[in-house]
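One structure is given here, and the rest of the page talks about it.
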Amino acid sequence: VPTMGALHAGHLSLVRRAKADCAFTVVSIFVNPAQFGPGEDLSRYPRPLAQDKRLLKNSVIDLLFCPSAGTMYPQDFSVYVEEGVLSKGLCGQLRPSHFKGVCTVVVKLFNIVLPDRAYFGQKDYQQVKVIERMVRDLNFNISIKTVPIVRETSGLAMSSRNAYLNNEERRKALVLFSSLQYAKDCVAHGARKPGVIAAGMRRIISAIPGVKIDYIEICDADTLVPVDKIKGTVVIALAIFVGKIRLIDNIILKTTP
Ligand code: PAF
């Protein structure tokens with residue numbers, strides 16, 4: 001179970017799944033510098049290691065791996081892993097080197113830990129798709145397990161970055177979930193035009209002062225290509241800024257022909 005720490009109920013659900021499936025469960029905590037772009041939140045990313053250790057003690061895992069940045073990236077580190085298609089859209093537009101950093105560290109963790117299965121949260125849907133493609137294309141003998149998003153009772157998806165939100169921002173951040181619920185209702189009532197649904201989501205989000213949209217995309221759930229009609233399984237993914245804090249969320253919708 002690779003993580004960047006600041007563990008929350010979402011991470012713990014990954015750990016629970018791993019423990020239920022596997023004879024030996026390794027959790028890693030490593031805030032991976034390679035996946036943060038210039039000007040992003042690497043230096044302020046929460047690192048509550050003592051608290052994380054306490055939480056993991058309750059889940060009784062077999063091994064906790066917390067390497068240092070120097071161990072993972074020696075001074076003359078020079079080999080990176082890059083996925084060339086799925087990582088380009090959605091979050092890849094604003095964060096062009098993010099998935100290269102993710103793929104590189106995940107490959108390193110795979111090679112160090114040699115797992116049979118690896119667990120990732122659906123909250124980072126694009127990340128899961130990129131890693132699945134990497135595992136397929138580079139012939140890793142590892143099964144990638146995706147675990148559903150864990151939400152607070154308010155609907156806010158669990159994220160380590162929620163720690164940056166004050167009370168007012170937290171309230172504003174609920175628009176991620178409410179706009180996705182709106183989209184889900186539209187589809188349930190027969191709407192099939194992505195443009196119309198996205199425009200409705202945009203309207204809902206734009207009504208909240210201090211919230212800016214990075215993207216709203218309705219894509220084929222496997223290829224991540226934006227669809228021109230909703231059919232089969234689609235993912236509706238969005239990223240917004242609440243003040244300076246960037247948050248993402250998504251929903252997967254299955255339609256029957
Ligand atoms: O999802 C995350 O927390 C990170 O991107 C991961 C997979 C641990 C790689 O650093």
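Keep in mind the model is a prediction, meaning the values are calculated, not measured. All ligand and atom numbering here is 1-based and tracks the order in the structure.
Interface of Phe120 with ligand 1, defined as ligand atoms under 4.0 Å from a residue heavy atom, comprises 7 (C). In summary, the atoms of ligand 1 found under 4.0 Å from a heavy atom of Val105, numbered by their order in the structure, are 9 (C), 10 (O).
Among the atoms of Gln127, some N or O lies under 3.5 angstrom from an N or O of ligand 1. At least one N/O-N/O distance between Gln35 and ligand 1 falls below 3.5 Å.
A donor-acceptor pair under 3.5 Å is formed between the side chain of Thr255 and the backbone N or O of Gly232. In this structure, the side chain of His98 does not engage the main chain of Arg95 through any donor-acceptor pair within 3.5 Å.
Looking from atom 3 (O) of ligand 1 to the surrounding protein, the closest heavy atom is Met4 CG, 3.6 Å.
For Tyr45 and Phe36, the ring centers are positioned less than 6.0 Å apart.
At a threshold of 4.0 Å, the pair Glu82-Lys88 counts as salt-bridged, since one of the basic side-chain nitrogens sits closer than that to a carboxylate oxygen.
Cation-pi contact between Lys129 and Phe99: absent, since separation from the ring centre below 6.0 Å together with deviation from the ring axis within 45° is not met.
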